[in-house]
Structure formats: C-alpha cells, structure tokens
Amino acid sequence: MPLRTPQRPSSGPDDPAQPTPTGSEATMAEAVEVYHRTYTTLLRSTGETPLRVLEASHRAMGSSLHSLAASTEPDLGAFLYAVRRLPASVVRAGRVVMGQAMEVFARNDFQLTEWAEASAPGRRRRWYEDGRGTLAVLIASASDVDDLIPTLVAFQIEWNKLRIALGPAAVPDEPTPTWLSSVCGGREDDWTQLQEIWGATFAERLRLIAARKKSIRVRMLGGTQVGYARVTRRWWQQVTGTMRSQSLLDRPVYFVSSNSHSLANLVTGVARHHEASLVEMVEARGPGDLGRELERFRKGLAEGDWNNFLYYAARLHTGSIATDERGRLRHEEREQGVHGVASRTALDVAAQVIPLDRLDPANFDPRLGPVDAARLRSSQAVIVNIDYPLGLAAYNILREVAETAAELRGVYVLGKAATLNADVGDVMISSVVHDEHSGCTYWLDNAFTVADIAPYIRFGSGLDNQRAVSVKGTFLQNRGYLDFYYREAFTVVEMEAGPYCNAIYEMSEAGRYPAGEPVNFSKLPLDFGIIHYASDTPFTQARTLGARGLSYFGMDSTYAASVAILRRILAREGALAGAPSRDGGTGDGATATAEAEAARSRAATGMPPP
C-alpha cells in the first residue's frame with residue numbers, strides 16, 4: 001500500500017506544496033504493502049495456509065492498532081479488538097475457510113446448511129461452524145479479506161503470548177482482573193472488558209489459552225470480482241423485491257448509508273410510544289450509567305436529549321428480547337412506513353425502504369422541525385437506508401443501486417472514523433476524500449456544514465472543511481502512515497467514503513473511475529453529502545468506541561447527523577416548512593398547529609414528561 005502524495009485539481013484551493021513521505025515513513029508504508037501483498041498472494045493457493053507464515057510481516061508492519069505485536073508484552077487492546085470481531089468458537093478453531101456464496105462452499109464439500117450459524121458482536125459477517133474446529137465465513141468484498149486476515153493474525157499472536165504468560169500459573173476458578181494483570185501484564189480495565197465479553201466462560205477460556213498453542217490455517221474459495229458483484233446483486237434483489245411489493249420501483253430514490261436504527265427512530269416514533277416500558281426497563285435492569293442518567297433527567301441536570309435516551313434504551317431492549325417480540329417491533333415500524341429488509345446473502349447489510357408519502361409527521365422526532373404534511377404526502381421519493389458496509393462493498397452497492405434506480409436524487413453517507421485532530425464523539429464533515437484503493441483525491445461540495453449539525457450536538461463538537469482518507473483496513477496503518485497523512489491535513493481515517501466517491505464518479509462521467517488522479521466534484525447530477533463521527537483516536541491508545549460498542553453518549557453524534565440528513569431530504573422535497581426545495585419553492589408549514597408546535601418545543605428541551 002504505497003503512500004501517494006494526494007494531488008489537487010487545478011481548480012482546487014491554493015495550498016502550499018505538499019511534503020513527500022520521509023525515508024522512515026516510506027519504509028513503514030512499504031512494510032504495510034509487503035504484508036498486504038504477502039497474504040493476498042498466499043490466498044491464491046487452493047490449499048490451506050498456516051497463519052504463522054504471516055506473523056513476521058504482521059509484526060514488521062508496526063500496525064498502530066497492534067503496536068505491541070513485536071513485543072513479548074501482551075497487547076490486550078488488539079486482542080479485545082479481535083475478540084469482538086470474531087465468533088466465540090474461534091477459541092477452539094484450527095481452520096477458517098472463506099468464500100463468497102453457499103454454493104461455492106458446497107462445490108468444495110463444505111455443506112454449510114448442516115453447520116451451526118455463528119456471529120461476532122463487533123462485525124457484521126456470516127459465520128458457520130461445524131463443531132469440529134472448522135469455521136466458514138462468507139465474504140462480500142476484498143475489504144472483508146483485508147479486515148479478516150489481520151484480525152485473525154493479531155488474535156493468534158496475542159493468544160500465544162498469553163499462553164506463555166499463563167504457563168507457570170494455575171488459572172483459578174474465578175480469575176480476577178487484578179490477578180491477571182499481575183501474572184500476564186496489561187491493564188486491569190482491559191481484563192475487565194475481556195471478562196465482560198466472555199462472561200461465564202472466562203476462566204474456561206483462559207485455561208484453554210494456557211493449555212493450547214493457537215495455530216490456525218486459512219483457505220480462500222473463489223474471491224473473484226465477478227463473485228463479489230454477484231453477491232451484491234443478490235442482496236439488492238431483496239431490496240427491490242420489497243420495493244416492488246410496495247409499488248415503489250419507479251419512484252425517485254434518496255440513498256442513505258448509515259445504520260439500522262436512527263432514521264427509523266426519528267420518523268416512526270416507536271421508541272417514544274414505548275417510553276413508559278423503556279423507562280421501567282432501565283430502572284429494573286439497565287446498566288448503571290444509564291440509570292444514573294435517568295436520575296439526572298428527572299432532576300433537570302442531564303445535558304443529553306431525552307429522545308436519544310429513549311432510542312438508546314430501545315436499542316438495549318431490542319438486543320435482549322426474543323425473536324418474536326423483535327418481530328412485533330419491526331411490524332410497528334412497517335405500520336408507520338419503514339419497511340425493513342434483512343439480508344440473506346454474504347453481504348450482511350440490513351436495509352430499510354421508507355416512502356416519504358406514507359410517513360406521519362405526528363410521529364417525527366421534534367428535531368426534524370415543522371413539517372408540511374401536505375407536501376410530504378405529495379412527495380413520490382423513497383429513502384433507501386442501509387447499514388454502513390465495509391470498504392469496497394460500498395462501491396459495489398452504490399453501483400448496483402445506481403444501475404436500477406429510476407432516479408437517484410441524493411446520496412448521503414454517515415459512518416464512523418478515526419480522528420487525528422478531534423475527540424471521540426465529535427462530528428466531522430469533509431470536503432476532500434483521498435481513496436487508497438484508487439489513489440484518487442476527490443474534492444467535493446459537501447451537502448452538509450457544521451451549521452446543519454451544531455443545533456443537535458450536546459456532548460461533542462462539529463468540524464467541517466476536513467479531509468478524509470479511505471484506508472484498506474483497520475490494521476493496515478502504522479504510525480508513519482498516519483503521521484504522513486496528518487502532515488497532509490488528512491485527519492479523518494475511515495473505509496467507505498473513497499469507494500462511494502469512486503461509484504459517484506461513474507454515475508457522473510462516461511468512464512470508469514480513474515487511478516491516482518485528482519477529481520473535482522463541484523458539479524454533480526445529484527446531492528452528495530458525507531458525515532463521520534469519531535469512534536477512536538489512533539494517536540491515543542484505548543480511546544475507542546469499538547472497544548465496547550456504541551455508548552449512550554455516542555448516540556449524540558449519530559442522531560445529530562441523522563437529523564441533518566433527514567432534514568436535508570425533507571427540505572429538498574419541499575416538506576420542511578420554510579426551507580427551499582429542489583424546485584426553489586418552500587413548504588408553508590400551515591398544517592402544523594400551535595399546539596403541536598408547543599409540544600415540539602417542550603420535547604426539544606430534552607426533558608421527559610412529568
């Protein structure tokens with residue numbers, strides 16, 4: 001992955017000449033490229049590859065996410081990251097097989113229909129286990145490989161380091177973080193996190209680590225570009241099937257890449273309808289920090305938004321209930337105009353189809369503002385919202401959507417990113433995106449500014465006019481790599497914006513996206529906006545939302561950005577009172593009564609009802 005100095009289009013701003021990588025930075029960048037080239041070439045083999053042959057190049061890379069890879073000291077941060085992104089059964093696995101579709105596995109005598117399904121808490125990916133030490137995983141793009149292989153290697157390296165550290169000691173029946181920190185090293189807080197993840201099996205798995213050296217073998221079945229395109233098409237057919245059943249195929253589309261909860265919560269009111277039961281749930285069995293936040297709301301001391309509190313409580317509740325009850329909640333969302341589409345393919349990306357004319361403004365979050373109900377009912381537009389994909393899958397998805405949509409009016413991307421200059425929870429809006437896959441630098445007129453976000457942020461801050469770099473993988477970065485981009489003023493590090501820009505290019509130009517060129521997106525045939533929220537700070541170890549998952553305070557930036565996206569769509573359809581629409585008109589807002597406005601004002605204060 002050689003570092004390219006991002007070029008500027010001739011029409012771009014006049015900035016000083018950009019520096020080139022120093023000798024040490026170029027060496028560190030080459031180490032990343034060597035590692036990437038090593039595993040991609042090894043996986044071409046039809047046989048199995050032991051992960052141990054990748055350990056040397058993994059260590060030499062000096063990954064910022066695995067900074068202690070070459071040390072004998074355990075790197076619990078990297079181990080926790082890997083554990084959250086691998087299924088629990090990896091502790092007993094000796095082989096991992098990757099493929100693009102069930103039939104590919106079947107042709108190679110892996111009958112996944114007879115295997116048990118598995119999952120990982122921190123990464124959406126379809127896993128299967130045979131119960132005898134073999135794991136199978138469906139991959140949707142080359143980015144899955146760039147994510148999975150380094151994660152497995154990091155897991156194996158840290159497992160074997162812990163095995164050596166635990167060797168002389170007998171693991172007690174109830175090992176404490178304090179005991180483990182003294183025996184193995186590492187921070188007590190990291191051991192506490194691992195204990196939370198493994199739960200009742202904590203001691204058992206520690207004994208397994210002490211007793212068994214980890215030696216995983218990997219094998220790739222297929223992995224062709226045609227195969228990835230086929231996976232994406234099968235996924236999109238499920239979405240268009242829902243659109244066809246609702247007579248929506250010929251309607252204009254706003255494509256949103258975000259998550260599966262925020263837009264639905266903002267327009268259906270389902271969480272707010274269940275406010276009493278959600279508060280009762282928090283009181284009875286909610287996490288301690290959420291209970292304390294509830295008390296602050298009751299005392300008028302909370303800084304957050306009450307609706308965000310309910311949305312987070314609803315998220316916790318949904319994750320703990322039975323499938324049939326979860327189905328009833330999805331039915332409520334459908335009744336309010338949001339049609340969920342679960343994926344059954346290797347592309348494990350949920351989608352939602354939201355026809356604007358079937359939404360009821362009475363259910364809207366008050367932050368969406370006064371809505372002209374008549375203009376909303378007259379809109380023919382449909383929002384297609386998807387869970388953000390991983391890396392190159394973004395390009396495949398948007399290409400597929402653009403090829404079949406009757407009219408694509410807008411593309412809005414909301415994703416998480418590492419930040420080199422801000423703090424966890426901040427919102428970042430970029431006007432430049434450099435893509436490591438294509439080597440292109442895109443200059444864009446982002447549809448959003450801080451003014452669109454700022455009114456809805458309670459805990460973080462907003463930064464616009466930022467520069468983003470789309471990298472190939474979370475492990476495929478090191479300090480020299482990040483230092484180079486930081487000097488270039490690229491401070492937002494993520495994985496999807498560049499691939500989306502590559503697809504946007506092909507929607508606005510006659511040819512395929514170029515390689516290593518500057519591209520000016522000042523005039524596009526559609527509305528285009530990108531927003532990121534900071535999930536980790538790679539220059540400050542252990543500051544990451546990914547370590548524990550999205551927190552209540554992390555909801556603040558997510559919902560501020562989601563409100564901005566929905567307001568942008570409503571305004572362009574002329575349904576946001578007082579805002580200019582695509583045709584230059586404005587919604588008159590006459591249908592919003594004084595009583596409704598007063599209720600919105602009270603709710604917007606973030607205070608719960610008495």
### Query
Does Q100 use its side chain to pair, donor to acceptor, with the backbone of G223 at less than 3.5 Å?
yes

### Task
Would you please say whether a donor-acceptor pair under 3.5 Å links the side chains of D435 and N502?
yes

### Query
So, E494 and S470: side-chain donor and acceptor under 3.5 Å apart, yes or no?
yes

#### Entry: 4.5 Å side-chain heavy-atom contact, V267 and L566
yes

#### Entry: Electrostatic pair R233:E403 at N-O distance under 4.0 angstrom
yes

### Nearest-0.5 Å distance that lies between atom CG in N308 and atom CG in D556
6.0 Å

### Query
How far apart are the C-alpha atoms of W443 and S431, what are their side-chain angles, what is the distance that settles it, and do they pass the side chain to side chain contact (heavy atoms under 4.5 Å, CB included) test?
CA-CA 6 Å; W443 294 74; S431 54; 5.9 Å; no

## Note on the structure
Rounding to 0.5 Å, atoms CE (M428) and CD (Q466) come to a distance of 8.0 Å

#### Entry: Residue pair E332 / H273, side-chain donor-acceptor N/O under 3.5 Å
no

### Query
Got a second to check how far D146's CG is from M495's CE, nearest 0.5 Å?
7.0 Å

## Note on the structure
So CG of L368 and CG of L359: to nearest 0.5 Å the spacing works out to 10.0 Å

### Query
Is there a ring-ring contact (aromatic ring centres under 6.0 Å, His included) between Y128 and F105 once you walk through the steps?
CA-CA 11 Å; Y128 299 85; F105 282 95; 7.7 Å; no

### Message
Check E573 with R375, please: is the shortest side-chain N to carboxylate O separation under 4.0 Å?
### Response
no

#### Entry: Non-hydrogen side-chain atoms of R512 and E506 separated by less than 4.5 Å
yes

### Message
Determine whether M220 and V145 satisfy the following criterion, side chain to side chain contact (heavy atoms under 4.5 Å, CB included), listing intermediate values before the conclusion.
### Response
CA-CA 9 Å; M220 170 71 84; V145 180; 3.5 Å; yes

### Task
Output yes when a side-chain donor or acceptor of R125 lies under 3.5 Å from a complementary backbone atom of R85, and no otherwise.
no

### Message
So, using side chain to side chain donor-acceptor pair (under 3.5 Å) as the criterion, who are the partners of R330 when residues are at least two apart?
### Response
E333

### Query
Are side-chain heavy atoms of M98 and I149 found at a separation under 4.5 Å?
yes

### Query
Do the charged groups of R244 and D250 touch, with an N to O distance under 4.0 Å?
no

### Query
For V353 and Q246, what are the C-alpha separation, side-chain angles and deciding distance, and is it a side chain to side chain contact (heavy atoms under 4.5 Å, CB included)?
CA-CA 10 Å; V353 176; Q246 298 295 318; 6.0 Å; no

### Task
Could you tell me which non-hydrogen atom of S430 sits nearest to which non-hydrogen atom of L444, and how far apart they are?
O-CD1, 3.9 Å

### Closest non-hydrogen atom pair, A140 against N396
O-ND2, 4.2 Å

### Query
Can you name the one residue among Y311, Y312, Y559 that meets side-chain hydrogen bond (donor to acceptor under 3.5 Å, both in side chains) with N265?
Y559

### Message
Set out, in order, the CA-CA distance, both residues' side-chain angles and the distance that settles side-chain hydrogen bond (donor to acceptor under 3.5 Å, both in side chains) for T268 and N363, then state yes or no.
### Response
CA-CA 5 Å; T268 64; N363 293 324; over 6 Å; no

#### Entry: Minimum-distance pair of heavy atoms, taken over all atoms of A393 and L347
CB-CD1, 3.9 Å

## Note on the structure
Sorted by chain and number, sequence neighbours left out, salt bridge (Lys or Arg N to Asp or Glu O under 4.0 Å) with E103 holds for R234

### Message
Go through it in stages, so that I can follow the logic: the residues are F528 and Y412, the test is ring-ring contact (aromatic ring centres under 6.0 Å, His included), and I'd like the CA-CA distance, side-chain angles, deciding distance and then a yes or no.
### Response
CA-CA 6 Å; F528 184 38; Y412 308 110; 8.4 Å; no

### Query
Do the side chains of V256 and I354 get nearer than 4.5 Å, heavy atoms only?
no

### Query
Rounded to the nearest 0.5 Å, how far apart are CH2 of W236 and CE of M243?
5.5 Å

### Message
Checking the side chain of S143 only, and the main-chain atoms of L392 only, is there a donor and an acceptor separated by less than 3.5 Å?
### Response
yes

### Task
Answer yes or no: is there a side-chain heavy-atom contact under 4.5 Å between V519 and Y505?
yes

### Query
Shortest non-hydrogen contact from A534 to T419?
CB-CG2, 3.5 Å

### Query
Just checking, R124 and Y388: is the charged tip under 6.0 Å from the six-membered ring centre and within 45° of the axis?
yes

### Message
Could you measure the distance from the CD atom of Q380 to the CG atom of L356? Nearest 0.5 Å is fine.
### Response
9.5 Å

### Task
Evaluate the side-chain proximity of R126 to S343: yes if any heavy-atom separation is below 4.5 Å, no if none is.
yes

### Query
If you take all heavy atoms of E496 and L390, which pair is closest and at what distance?
OE2-CA, 3.6 Å

### Query
Where does the angle between the aromatic ring planes of Y485 and H434 fall among parallel (under 30°), tilted (30 to 60°) and perpendicular (over 60°)?
tilted

### Query
Does a side-chain heavy-atom distance below 4.5 Å link P366 with F364?
no

### Message
Does any part of the side chain of L414, heavy atoms only, come nearer than 4.5 Å to the side chain of I565, both counted from C-beta?
### Response
yes

### Task
Quick one: closest heavy-atom pair of T558 and N259, and the distance?
CG2-ND2, 3.5 Å

### Salt-bridge present (D147, R123; N to O < 4.0 Å)
yes

### Query
Any salt bridge between D452 and R568, counting N to O under 4.0 Å?
no

### Task
Test V433 against T441 for side chain to side chain contact (heavy atoms under 4.5 Å, CB included), laying out the working first.
CA-CA 6 Å; V433 176; T441 303; over 6 Å; no

### Query
So, S258 and N385: side-chain donor and acceptor under 3.5 Å apart, yes or no?
yes

### Query
So does R409 pair up with D527, basic N to acidic O under 4.0 Å?
no

### Query
Can you tell me if Q352 uses its side chain to pair, donor with acceptor, with the backbone of V341 under 3.5 Å?
no

